[in-house]
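This report refers to the structure that appears directly beneath it.
The structure displayed is predicted, hence computed values, not measured ones.
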Amino acid sequence: MDINVNGHSLYAYTGGKPFNPAQPTVVFIHGVLNDHSVWILQSRHFAHHGWNVLAIDLPGQGRSRGAPPASVEKAADSVLALLDAVGAPQAALVGHSFGSLIALQAAATAPERVSHLVLCGTAFPMKVSPALLDASVSAPEKAIHMVNVFSHSTLSPPPSALGPGTWLYGASRALMRRMLASNRQVNVFHTGFKACDDYAGGEQAMAAVQCPTLFVVGRHDQMTPPRSARALAKLARDGRIVEVDAGHALMNEAPGAVLDALRGFLRR
């Protein structure tokens, strides 16, 4: 589904279902060099169980047009503009990594617009090493390899993710190459990493959130270790933590456990 947001086409996967104003809405937000497809199991489930699903490609990458957001705040504004564009007065926001910061900031900016907040693989501060920031520009293939080494704790997911025996490293690297190539004018790899590294408002944002917040953490996550999420969770007004047996790429490494966590939380 292509939606006009701030004068540009923004793509959202809907699970093949038309938008129904009578149903609740959930927005899925991906991380750096990912797209809507990383939420394939979770988004399709909710689309077929009474929810409007908008699993987006962030502006300026994948199937979305416009300028890639140079900051978490600008990306959050795009998410809120998306809700305006589809006529959704309120939505649940589910974000992963960079997407978790975007969801957090959106929930803080317009707390009345967010019914539930889910932060997967999150941390604050979400600092990126200078070596990785530099490599995202000077040697992006090397940086993609580095990210994948640290993002995965297993080679193959169970059958409920991308299929039995899927090579997670290979699939993820192919997706990241495709996302990098989707914008020839702006390096969305470096732009996304720098936005994470620059974001300074996490604690203030968490304090401003009014809705229940779920933190989904990967037990073996080396990119955003569970302790980082727990520090942020202490500031949540109504927070809970679910730990799954996975690394940073937890939606594909532990798809069933992540879905179970979302189902249990979004029915609250």
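No donor-acceptor distance shorter than 3.5 angstrom exists from the side chain of D2 to the backbone of S9, with no hydrogens or angles considered. Proximity of a side-chain donor or acceptor of T191 to a complementary backbone N or O of A70 within less than 3.5 Å is not detected. In this structure, the side chain of S100 does not engage the main chain of L119 through any donor-acceptor pair within 3.5 Å. Between the side chain of R113 and the main chain of A88, a donor-acceptor pair closer than 3.5 Å is present. Panel note: side chain T109, backbone A106; no donor-acceptor pair is recorded below 3.5 Å.
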>> Pair V147, F189 - check side-chain contact (heavy atoms from CB on, under 4.5 Å), show working.
In response: CA-CA 11 Å; V147 169; F189 198 1; 4.2 Å; yes
>> Evaluate I56 against L82 for side-chain contact (heavy atoms from CB on, under 4.5 Å), listing each step before the verdict.
In response: CA-CA 10 Å; I56 66 171; L82 168 66; 3.6 Å; yes
> Under the side-chain contact (heavy atoms from CB on, under 4.5 Å) criterion, do V53 and K17 qualify, and how do the steps go?
Replying inline: CA-CA 8 Å; V53 163; K17 299 290 186 177; over 6 Å; no
>> Evaluate N34 against F98 for side-chain contact (heavy atoms from CB on, under 4.5 Å), listing each step before the verdict.
In response: CA-CA 10 Å; N34 282 178; F98 177 33; over 6 Å; no
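Contact record, P255 with L41: CB-CD2, 3.5 Å, taken as the closest heavy-atom pair. Annotation for A254 and A246: closest pair CB-CB, 3.9 Å, computed over non-hydrogen atoms. Among all heavy-atom pairs drawn from F19 and V86, the shortest one is CE2-O, 3.6 Å. Nearest approach of F193 to V128, heavy atoms of both residues: O-CG2, 3.6 Å. The heavy-atom pair separating L54 from I3 by the smallest distance is CD2-CD1, 4.2 Å. Nearest heavy atom pair, residue L101 against residue A123, reads CD2-O, 3.6 Å.
Counting heavy atoms from C-beta outward, V188 and L58 have side chains that stay 4.5 Å or more apart. Contact annotation: the side chain of H30 approaches that of Q61 to within less than 4.5 Å [non-hydrogen atoms, C-beta and beyond]. The shortest distance between side-chain heavy atoms of D221 and L250 does not fall below 4.5 Å. Contact check for V27 versus L83: side-chain heavy atoms found under the 4.5 Å cut-off. Looking only at side-chain heavy atoms (C-beta outward), H116 and L214 stay at 4.5 Å or farther from each other. In this structure, the side chains of V26 and L262 stay at 4.5 Å or more apart for every pair of heavy atoms. Looking at heavy atoms from C-beta onward, L10 lies in side-chain contact with P59 at the 4.5 angstrom threshold. For the pair D245/H220, a side-chain contact is recorded, criterion being any heavy-atom separation below 4.5 Å from C-beta on.
Rounded to the nearest 0.5 Å, atoms CG (L33) and NE2 (H190) are 12.0 Å apart. Going from atom OG1 of T213 over to atom CG of L93 covers 10.0 Å, rounded to the nearest 0.5 Å. For the atom pair CG (L259) and CZ (R44), the distance works out to 13.0 Å, reported to the nearest 0.5 Å. We find the OH-CD1 distance between Y169 and I144 to be 15.5 Å, quoted to the nearest 0.5 Å. The CG atom of D198 lies 8.5 Å from the OG atom of S71; values are rounded to the nearest 0.5 Å. We find the CE-NE2 distance between M251 and H96 to be 4.5 Å, quoted to the nearest 0.5 Å.
For the side-chain hydrogen bond (donor to acceptor under 3.5 Å, both in side chains) test, residues two or more places apart in sequence or in another chain that qualify with E243 are R219, R230. In this structure, the side-chain hydrogen bond (donor to acceptor under 3.5 Å, both in side chains) partners of D134, at least two apart in sequence or on a different chain, are S138. In terms of the side-chain hydrogen bond (donor to acceptor under 3.5 Å, both in side chains) criterion, D77 has no residue partners (sequence neighbours excluded).
In this structure, F28 and W39 have tilted ring planes: the angle between them lies in the 30° to 60° band. Using cut-offs of 30° and 60° on the angle between ring planes, the pair H49 and H45 is parallel.
Screening K194, Q105, K127 against Y199 for a side chain to side chain donor-acceptor pair (under 3.5 Å) leaves a single residue, Q105. Residue V217 is tested with P226, S228, C120, P225 for a side chain to side chain contact (heavy atoms under 4.5 Å, CB included); the sole match is P226.
Annotation: H248 is not in aromatic contact with F150 [ring centroid separation under 6.0 Å not met].
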